[in-house]
Amino acid sequence: MDDRLHAAPIGVLTVSSEGVISHSNETAQELLGGDPSGSPVAESDLRSVEDSLLAAFEESTDEVTFEEYYPGLERWLSVTVTPVDGNVTVYLRDVSRRYRARQTVETLRSERRRTAAIDETRSEVVAELVSSPSREEIERTLARELGERDLWSFVWIGERTDGTAGLDVRAVAGETGDTFPAVRETIERPATTPEERAVEQQQIQVVRSIADEDGIPETIRLAAFSDGVQSMLSVPLTYGSAVHGVVGVYADRVDAFSERERTSFETLGTVAGFAVTAGRNRDLLLSDTVTEVTFEPGADALLVAVAREVDATMALTGTVPHESDALLCYVTPTDGDPDDIAAAASNNPDVGHARVLGDSGTVEIELHRATPLIEVSSLGGTIRRATYEPDDSQIVVEFPPDSDTRRIVTSLTREHDLDVRSKRERERGATTAREFRDGLAERLTERQKTALRTAYFADYFETPRGSTAEEVADLLDITGSTLLYHLRAGQRKLLSAFFDGVGDRGE
């Protein structure tokens, strides 16, 4: 080999007419991981899927150039085969960087298309919520917008079954092959699947490679291998502490879900969970009849324990949930000292703070323990009244007549120390006050409702005030100026709704 070729910046191999490598320069040895001299080309790492190099030796006497991926080297090479005086010179140039950059761009483009599809689905769910927020329509939207695209193999939606960790199939879309029937058969046993873990843990479950995941039953892994389905994602449909169901998304690529896509799916699950909850709440508001369930909290329930400790009777006058999963409870004693109630509550490790609001006697208690008071709303119910006494406490909850009350009650009693005291259907006539609240709720943003509700129950609007603006702002973890902005905006909408409703605007 010419000395100039030995020092060339590209790999150079001299191959005999018998296909044996006789010489190689330093660059070629670096590319091949050693000196291949004396080895047949057919036994070297210069073997690609297409085997174009061997074909060039056998079929052509002209110079040939091609680019291929060589698995043994884990490189993309540009290869030129040039016949010279009975031998063949092979020139090798590493082009992996260019191919990897191209693959990165294609991966990012594909990820962007998938993320855009998730965002579009989220918008569709919100639109369904505004127009006709039934659970069935929301689930159809999820299945249609995700499962009927070519970005994923198939999608299915499941609902938690009564009293168990099992799942019922609500909707499915896409090319399911043998994989989904295997999933359906598995969840009917039930057995542990990523979808069931997502419901139990209330967290997204990612399976990068179904074939290598021991946590997936073998029947599903075999079916997925047969269908070419390689990875999946399970997204719980959550709102607050409630889990309404799960979306299983299956893809034909290994590690198909990037961190960005997982975040988008997580947001989609929250939006869909909120939509289901909002639909249930709207059904309750518009219904003329309700299912009324009376629960008896156990002796270890926090507010029951406080009532027993100070021998007091308390009525729940309002609650305000926070994003941090804390709950502000406002209780008014009908028998007992407010200061004693606040002091007893403050000694509990699950209480952030407790204080008496001015001269009203109302006690504000910040709870950090999981409580049915917050979960009832996420399940589509409304707390009509709640009283806490040393020996006889009760929580009365209303549910829409067409809701799955049995499943909801089972969920509440399973997760919390509650007993069912009674259940009945009750007529509820529409009232002007309720219609007014419904109309106003459509105008207020969530931040405005939270600010107004917190300020109201904290006696900010009383004279003298039970709480200052700074104290209310601290409860919401916002600045005083931000609080006043939300209060003014909310009050303006409230007054507008009131005067518009009676036809006195402008007079």
Side-chain angles (χ1 to χ4, degrees), residues 239-242 276-298 301-304 306-307 312-321 327-335 360-365 367 370-442 444 449-450 452-454 456-457:
Y239 180 68
S241 58
V276 173
T277 299
R280 288 176 172 175
N281 289 339
R282 182 174 296 184
D283 290 343
L284 179 58
L285 289 171
L286 298 178
S287 177
D288 293 331
T289 62
V290 295
T291 301
E292 184 180 274
V293 181
T294 301
F295 296 96
E296 181 179 348
L302 194 147
L303 294 179
V304 175
V306 170
T313 299
M314 307 177 297
L316 183 71
T317 55
T319 60
V320 180
L327 180 71
L328 290 177
C329 293
Y330 295 88
V331 296
T332 301
T334 57
D335 178 21
S360 67
T362 298
V363 182
E364 176 187 82
I365 304 173
L367 299 181
T371 169
L373 297 178
I374 190 171
E375 188 168 351
V376 161
S377 176
S378 64
L379 291 171
T382 295
I383 296 175
R384 184 169 181 81
R385 62 182 179 276
T387 57
Y388 298 91
E389 304 179 34
D391 301 313
D392 185 22
S393 300
Q394 65 176 11
I395 304 172
V396 180
V397 182
E398 292 181 348
F399 296 102
D402 58 348
S403 64
D404 191 348
T405 308
R406 180 175 176 271
R407 181 186 60 80
I408 295 172
V409 169
T410 299
S411 175
L412 287 170
T413 54
R414 181 181 61 236
E415 300 295 335
H416 303 281
D417 185 13
L418 292 172
D419 290 324
V420 178
R421 180 180 291 183
S422 65
K423 175 183 174 183
R424 67 187 180 105
E425 302 296 318
R426 184 173 61 81
E427 294 290 332
R428 184 184 68 180
T431 64
T432 303
R434 178 170 288 111
E435 292 173 352
F436 174 76
R437 287 197 299 271
D438 295 348
L440 179 60
E442 296 291 333
L444 294 174
K449 282 189 281 191
T450 299
L452 284 168
R453 188 174 179 85
T454 304
Y456 176 79
F457 286 115

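Residue indices begin at 1 and follow the sequence shown.
Thr319 is linked by a side-chain hydrogen bond (donor to acceptor under 3.5 Å, both in side chains) to nothing, counting only residues two or more places apart in sequence or in another chain. Checked against side-chain hydrogen bond (donor to acceptor under 3.5 Å, both in side chains), Thr334 has no partners two or more places apart in sequence or in another chain. Evaluation of the salt bridge (charged side-chain N to carboxylate O under 4.0 Å, His left out) rule for Glu292 yields Arg424, Arg426 as partners, not counting sequence neighbours. Listed by chain and number, the residues in a salt bridge (charged side-chain N to carboxylate O under 4.0 Å, His left out) with Lys449 are Glu446 (sequence neighbours excluded). Shown here are the ring pair (Phe, Tyr, Trp, His ring centres under 6.0 Å) partners of Phe457, two or more places apart in sequence or in another chain: Tyr330. Take Thr450 and apply the side-chain contact (heavy atoms from CB on, under 4.5 Å) test, not counting sequence neighbours, and it matches Val320, Thr454, Leu476. Residues forming a side-chain contact (heavy atoms from CB on, under 4.5 Å) with Thr413 (at least two apart in sequence, or on another chain): Phe295, Val409, Leu418, Val420. Checked against salt bridge (charged side-chain N to carboxylate O under 4.0 Å, His left out), Arg421 has the following partners two or more places apart in sequence or in another chain: Glu296, Asp392.
Shortest non-hydrogen contact noted between Leu303 and Met314 is O-CE, 3.4 Å. Considering every non-hydrogen atom in both Ile383 and Ala386, the closest pair reads CG2-CB, 4.4 Å. The heavy-atom pair separating Pro390 from Ala307 by the smallest distance is CG-O, 3.7 Å. Here the shortest heavy-atom pairing between Cys329 and Leu367 reads SG-CD1, 3.5 Å. When all heavy atoms are compared, the tightest approach of Thr371 to His416 is C-CE1, 3.6 Å.
Counting only heavy atoms from C-beta outward, the side chains of Arg385 and Gln394 approach each other to under 4.5 Å.
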Residues Leu373, Ile395; criterion side-chain contact (heavy atoms from CB on, under 4.5 Å); working and verdict: CA-CA 9 Å; Leu373 297 178; Ile395 304 172; 4.2 Å; yes

Pair Val306-Tyr388, side-chain contact (heavy atoms from CB on, under 4.5 Å): steps then yes or no: CA-CA 9 Å; Val306 170; Tyr388 298 91; over 6 Å; no

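To the nearest 0.5 Å, the span separating CD on Glu398 from OG1 on Thr289 amounts to 10.5 Å. One distance of note links CG of Leu302 with CG of Asp417; it measures 12.0 Å at 0.5 Å rounding.
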